[in-house]
Novice: 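Pasting in a structure now, in structure tokens, and then I'll have a few things to ask.
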Amino acid sequence: MTRIVLDYPPLTLAERWKLAKTHGPAAFFRYLLSFLPILKWICRYNFSWMLQDVIAGITVGLLLVPQGIAYAKVANLEPQYGLYTSFVGAVIYCLFGTSKDISIGPITVVSLLVGEAVTKVTTEHPDVTGGEVAVCLSVIAGCITLLMGMARMGILVDFISGPAIAGYMSGSAITIGLGQWPKMFGMTEVDTHQPPYLIFIDFFANIPKMHIDAVFGALGLVVLYVIKFGTGHLAAKLPRLQKPLFFMGIMRSGLIVIIGTIISFGINHGGGPSPFKIIKQVPAGFDAIGIPHIRWDVLTGCMDVLPSIVLILVLEHVSVAKSFGRLAGYDIQPDQEIVAIGVSNILGSFFGAYPATGAFSRTAVMARSGAKTPLAGVFTGTIVVMALYVLTPCFYFIPEAVLAAVVVHAVSDLISGPAYVMELYRTSLLELVVFVLGVVLTCFIDVETGIYASVGLSLGIMLLRLARPPVTPLVRCPLQSQHFPGGLGGRNPSFSTLISDQHYIYVDEADVHFSQTTDPMPPGILVVRLAESILYPNAGQVAETLTQLGKTRTRSGHRVDDPRSLLWCDRPTQVHRHQNDEKRSSPLLGAIVLDMAAVHRMDSTGLQALVCVRTTLEAHAGQAVEWHFTGLQNAKIRQDLLAFGFGSLSDAAAAELHISTPIPPQMHEPLASPMPLSPSPKELPLPPSSTSQPMPMPPSSMSPQPMQGPPSVSRAPTSSPNHTAVPMPRSSSLKAMQQRQRRQQIMQRGSIYQQCQLGKEEKTILESWRATAFLDREVHRFSSHISLFDPMEVDIDPYYASINVSQDPHDQLPVERYPCFHWDVDTAVRAICDRWHSKKSMKN
């Protein structure tokens with residue numbers, strides 16, 4: 001099997017432009033076609049689908065007519081406005097929607113918000129009617145949602161948590177239910193526009209003033225629940241009657257309205273005043289059809305509820321569509337669903353409709369009725385039109401108490417029960433606080449405050465979790481029963497052999513399940529797992545944690561005998577005692593391995609934070625510290641890490657590209673100012689003075705280690721005075737070689753050149769041999785860190801002179817082109833140990 005070498009070269013600007021020209025027109029054409037999903041399936045429409053759509057559409061229409069009339073009363077509008085809203089959304093959705101089950105129409109929470117806006121605006125401007133306010137809200141909300149859908153901003157819905165939605169939905173349901181109680185019992189003295197808790201108090205204070213409406217309201221509510229639970233119980237016991245019982249259960253609201261209307265007609269058909277409240281006159285047809293007129297004073301009066309309406313329109317529709325799409329096994333397009341909402345509300349404003357969206361109850365009925373395509377909504381709209389033109393005389397006698405009972409029964413399903421509250425309690429107390437806050441503020445202040453507070457708090461919790469991700473130090477647990485003989489009696493343990501086929505899993509050191517089975521970590525290696533992407537909110541916290549782990553688990557590489565070198569907060573006695581303890585127990589930090597399987601993105605702040613950590617830990621260790629990254633699957637993160645100086649080419653690739661060859665000084669631009677704390681110039685090798693001479697190479701490149709897994713050298717070694725000539729490539733001329741060297745100079749990150757005075761004319765150039773950045777542009781401007789330590793002079797623990805690491809039996813694992821990247825943590829640690837063992841053996 002061919003060994004896989006992972007390498008992700010970035011696309012050049014010319015390649016990106018070529019791809020854009022090739023795929024751009026087709027992508028734009030697909031974007032335009034996505035606005036009319038009906039074109040994808042209408043050509044396959046058949047009679048069998050139509051029969052199922054007719055049944056489902058008529059079923060939902062029989063439910064939608066009484067709901068539309070009842071919800072219009074919640075919105076403080078005349079009953080016909082609920083039917084206008086029900087018709088337009090049901091008919092228009094089939095052209096733009098991607099769900100076969102969604103039924104667009106009025107919903108309780110939006111009706112409540114529209115009712116608040118109608119009450120406020122009509123009170124401030126008596127010349128404005130409720131219909132004008134409703135139409136204005138429909139136009140503006142439709143335009144906003146349409147723009148959101150066209151801009152493909154459906155992802156914004158994902159930022160709102162489930163507890164926030166459940167909180168304000170439960171609070172809204174309680175508010176709507178309490179607001180309908182006085183109407184259900186005929187109490188005219190209770191102001192239903194005040195906060196819910198005041199309605200609750202006034203309701204019980206006015207119980208002696210109930211009217212005969214309570215008979216229709218209370219009895220109707222009881223019958224609704226009897227039918228709901230009774231049909232479900234009987235269907236389980238009598239499977240043969242399951243279908244009739246199902247249709248009876250979903251049509252219970254219409255059934256109660258019909259029965260109440262018949263009784264009301266029997267009482268009031270002789271004329272005279274009605275002993276209970278009835279709807280009375282309902283205009284036939286589309287009486288409010290026309291071009292919507294937007295008034296500025298109406299718009300300004302609605303601005304406080306408009307954001308809440310838009311939020312609920314998008315949130316409820318997309319969440320309901322996704323839920324039923326998963327249940328039925330098809331995918332919906334959230335952005336296109338938002339487009340469908342926008343178009344439905346804009347066109348609905350021409351018919352006098354108020355804002356509408358997909359409702360959970362009607363969508364559930366549509367799905368259970370067997371709808372096959374979105375065309376079922378057309379048949380639902382047909383039922384609504386028939387009701388507008390044929391049944392309006394019958395609407396005259398509908399008791400308002402019956403409609404209030406229908407609303408109370410409908411909103412009761414929106415309240416989250418004790419089981420959901422216990423789930424939040426067991427999983428997250430913060431999310432429970434979000435839920436409770438949404439319910440309390442909605443009930444005690446208003447719906448808008450509850451929505452804004454719960455959504456804002458949930459976003460704050462999300463940002464807090466993003467800003468404080470866990471940074472977990474790992475320990476290793478053997479996959480086989482063999483363990484290291486003996487224990488860690490001191491800082492320099494002596495082991496005879498490391499089992500060649502021994503592999504490890506790396507787990508959280510605080511996990512009690514592995515506390516008795518872990519093996520000691522190799523000295524000088526720190527393995528850390530990152531659980532989130534490194535972005536600017538959490539970059540500082542990740543950097544601080546990595547720095548603390550590096551300092552507390554390894555000893556310092558500096559002596560502190562001079563009290564003048566101490567910080568103001570340290571005392572000499574404490575530091576001396578601390579350093580002595582560390583020298584006996586802790587190794588020097590030599591390598592950091594970051595498990596970045598969960599890291600999908602890094603911004604410039606996060607990358608710069610890692611650079612700062614590298615600088616701090618190298619200063620703490622007094623030597624170069626290698627950085628290794630495992631589990632990376634994102635090519636962009638690899639390129640960014642290389643650009644910031646993490647990583648170099650493997651030994652084989654370095655020999656091919658002559659990366660380890662010193663570059664002539666005339667091909668570089670020395671830094672303007674010399675670096676302090678540099679090695680003595682007498683210890684520095686002089687580079688060749690001409691490119692015509694054989695190119696020297698450091699000893700470490702003379703005999704590269706065979707690739708027995710992903711190589712693990714994060715920095716190329718410093719050149720040695722004992723150079724060995726490397727033959728020129730057979731097919732390369734001098735000019736080609738110079739071009740490659742010039743390109744390598746561009747790719748070389750942060751090379752340091754310090755001019756030192758040796759006499760009057762002699763100069764020595766210090767080459768730090770930093771990591772090679774794999775980019776097509778100059779990246780030295782990113783180099784904010786310069787190592788002052790020679791990687792070949794790393795203080796390697798004696799442990800690595802005694803171990804024997806044979807070839808990795810997992811020889812089919814992919815090999816990384818850059819040795820700072822590894823397939824997994826075990827591969828990284830084994831490669832580091834293998835290379836350090838080779839270096840220690842060479843020194844001995």
Novice: What heavy-atom pair brings Tyr71 and Arg362 nearest, and what distance separates the two atoms?
Specialist: CE1-NH1, 4.1 Å
Novice: Between Thr145 and Val314, does the side-chain contact (heavy atoms from CB on, under 4.5 Å) criterion hold? Intermediate values first, please.
Specialist: CA-CA 7 Å; Thr145 51; Val314 174; 3.7 Å; yes
Novice: Pick from Ile398, Val402, Ile256: which one makes a side chain to side chain contact (heavy atoms under 4.5 Å, CB included) with Thr261?
Specialist: Ile398
Novice: Within a strict 4.5 Å, meaning less than it, do heavy atoms of the Thr373 and Cys94 side chains meet?
Specialist: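 Thr373 vs Cys94: side chains apart.
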Novice: Does a side chain donor of either Thr98 or Tyr330 reach within less than 3.5 Å of an acceptor in the other side chain?
Specialist: no
Novice: Do you see a donor-acceptor pair shorter than 3.5 Å between the side chains of Ser412 and Tyr225?
Specialist: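 Present: a donor and an acceptor within the cut-off.
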Novice: Could you walk me through whether Val135 and Glu132 satisfy the side-chain contact (heavy atoms from CB on, under 4.5 Å) test, starting with their C-alpha distance in whole Å, then the side-chain angles of each, then the deciding distance to 0.1 Å, before giving a yes or no?
Specialist: CA-CA 5 Å; Val135 168; Glu132 292 178 346; 5.9 Å; no
Novice: Would a 4.5 Å heavy-atom cut-off, applied to side chains only, mark Thr122 and Asn76 as touching?
Specialist: no
Novice: Would you call Lys73-Glu400 a salt bridge at under 4.0 Å N-O?
Specialist: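 A salt bridge is present here (some side-chain N lies under 4.0 Å from a carboxylate O).
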Novice: I'd like to check the side-chain hydrogen bond (donor to acceptor under 3.5 Å, both in side chains) partners of Tyr420; sequence neighbours left out, ordered by chain and number.
Specialist: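 Expected list: none.
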Novice: Say whether, by atom type as modelled, one donor and one acceptor occur between the side chain of Ser369 and the main chain of Ala56 under 3.5 angstrom.
Specialist: no
Novice: Which label fits Phe87 and Phe286: parallel for a plane angle under 30°, tilted from 30 to 60°, or perpendicular past 60°?
Specialist: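 Aromatic pair Phe87/Phe286 classed tilted.
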Novice: Starting from the C-alpha separation in whole Å, work towards a yes-or-no answer on side-chain contact (heavy atoms from CB on, under 4.5 Å) for Glu316 and Val110.
Specialist: CA-CA 10 Å; Glu316 181 160 349; Val110 173; over 6 Å; no
Novice: Of all heavy-atom pairs between Ala404 and Lys183, which one has the smallest distance, and what is that distance?
Specialist: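 Result for this residue pair: CB-CB, 4.1 Å.
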Novice: Give a yes or no on whether the backbone of Phe265 and the side-chain of Tyr396 come within a donor-acceptor separation of less than 3.5 Å.
Specialist: no
Novice: State the CD1-CD1 distance between Ile160 and Ile165, to the nearest 0.5 angstrom.
Specialist: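 Ile160 atom CD1 to Ile165 atom CD1 measures 6.0 Å (nearest 0.5 Å).
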Novice: Any side-chain heavy atom of Arg295 within less than 4.5 Å of one from Cys136?
Specialist: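 Arg295 vs Cys136: side chains apart.
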Novice: State, with a plain yes or no, whether a side-chain heavy atom of Pro355 is found less than 4.5 Å away from one of Val114.
Specialist: yes
Novice: Give me the atom names and distance for the closest heavy-atom approach of Pro66 to Leu403.
Specialist: O-CD2, 4.2 Å
Novice: Answer whether the closest heavy-atom distance between the side chains of Ser172 and Thr442 falls below 4.5 Å.
Specialist: yes
Novice: Strictly distance-based, threshold 3.5 Å: is any side-chain N or O of Ser170 a donor or acceptor partner for the main-chain N or O of Gly167?
Specialist: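 Flag not set: sc Ser170 to bb Gly167 has no pair under 3.5 Å.
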Novice: Taking the side chain as every heavy atom from C-beta outward, state whether Phe216 and Asp213 have any atom pair closer than 4.5 Å.
Specialist: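 No; the side chains remain at least 4.5 Å from each other.
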Novice: Go through the structure and list residues passing side-chain hydrogen bond (donor to acceptor under 3.5 Å, both in side chains) with Ser264, not counting sequence neighbours.
Specialist: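 Once residues adjacent in sequence are excluded, the partners of Ser264 under the side-chain hydrogen bond (donor to acceptor under 3.5 Å, both in side chains) criterion are Asn268.
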Novice: May I ask you to test the Leu313-His317 pair for a side-chain heavy-atom distance under 4.5 Å?
Specialist: no
Novice: Between Val109 and Ile176, which heavy-atom pair has the shortest distance, and what is it?
Specialist: N-CD1, 3.9 Å
Novice: Before you tell me yes or no, could you show the steps for Val411 and Gln180 under side-chain contact (heavy atoms from CB on, under 4.5 Å), namely the whole-Å CA-CA distance, both residues' side-chain angles and the distance that decides it to 0.1 Å?
Specialist: CA-CA 11 Å; Val411 300; Gln180 294 299 310; over 6 Å; no
Novice: Would you say His211's side chain and Lys209's backbone share a donor-acceptor pair under 3.5 angstrom?
Specialist: yes
Novice: Out of curiosity, Ile258 CD1 to Leu62 CG, how far, rounded to the nearest 0.5 Å?
Specialist: 7.5 Å
Novice: Closest approach of Leu137 and Cys302, non-hydrogen atoms and distance?
Specialist: CD2-CB, 3.5 Å
Novice: Before you tell me yes or no, could you show the steps for Tyr197 and Phe200 under ring-ring contact (aromatic ring centres under 6.0 Å, His included), namely the whole-Å CA-CA distance, both residues' side-chain angles and the distance that decides it to 0.1 Å?
Specialist: CA-CA 5 Å; Tyr197 73 97; Phe200 182 81; 9.8 Å; no
Novice: Within the 3.5 Å criterion, strictly below it, is a donor on His409 or Arg252 matched to an acceptor on the partner's side chain?
Specialist: yes
Novice: Roughly how far, to the nearest 0.5 Å, is the CG atom of Leu388 from the CD atom of Gln80?
Specialist: 8.5 Å
Novice: Once rounded to the nearest 0.5 Å, what's the spacing between atom CD of Glu423 and atom CZ of Phe435?
Specialist: 11.0 Å
Novice: Okay, side chain of Asp446, backbone of Pro195: is any donor-acceptor separation there less than 3.5 Å?
Specialist: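 No; judged by distance alone, with no hydrogens or angles, the pair does not exist.
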Novice: Can you check whether Tyr168 reaches Val447 side chain to side chain, under 4.5 Å on heavy atoms?
Specialist: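 Sidechains of Val447 and Tyr168: no contact.
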Novice: Any side-chain to backbone donor/acceptor pair from Thr231 onto Lys228? Under 3.5 Å, distance only.
Specialist: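 Answer holds: yes.
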Novice: How many angstroms lie between atom CD1 of Ile140 and atom CD1 of Ile294, to the nearest 0.5 angstrom?
Specialist: 5.0 Å
Novice: Looking only at atom types and distance, does a side-chain atom of Lys372 sit under 3.5 Å from a main-chain N or O of Asp53, one as donor and one as acceptor?
Specialist: no
Novice: Whether the side chain of Ser428 engages the backbone of Leu424 through a donor-acceptor N/O pair (distance < 3.5 Å, no angle test) should be reported.
Specialist: no
Novice: Taking side chain to side chain contact (heavy atoms under 4.5 Å, CB included) as the criterion, tell me which of Asn345, Ile341, Ile346, Leu347 meets it with Val343.
Specialist: Leu347
Novice: Just by modelled atom types, is the Ile102 backbone N or O under 3.5 Å from a matching donor or acceptor in the Thr363 side chain?
Specialist: no
Novice: Considering residues, nucleotides and ligands other than Ile207, do more than 12 of their heavy atoms fall under 6.0 Å from its CD1?
Specialist: yes
Novice: I need the minimum non-hydrogen distance between Thr108 and Val74, along with the two atoms involved.
Specialist: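 That would be O-CG1, 4.3 Å.
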Novice: Between Thr85 (side chain only) and Tyr354 (backbone N and O only), is there a donor and an acceptor less than 3.5 Å apart?
Specialist: yes
Novice: OG1 of Thr59 to CG of Leu64: how many Å apart, nearest 0.5 Å?
Specialist: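 Those atoms lie 12.5 Å apart.
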Novice: Ser103 and Tyr93: side-chain donor and acceptor closer than 3.5 Å?
Specialist: no
Novice: Parallel, tilted or perpendicular: which describes the rings of Phe360 and Phe324, with under 30° parallel and over 60° perpendicular?
Specialist: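 Judged by the thresholds at 30° and 60°, the geometry between Phe360 and Phe324 is tilted.
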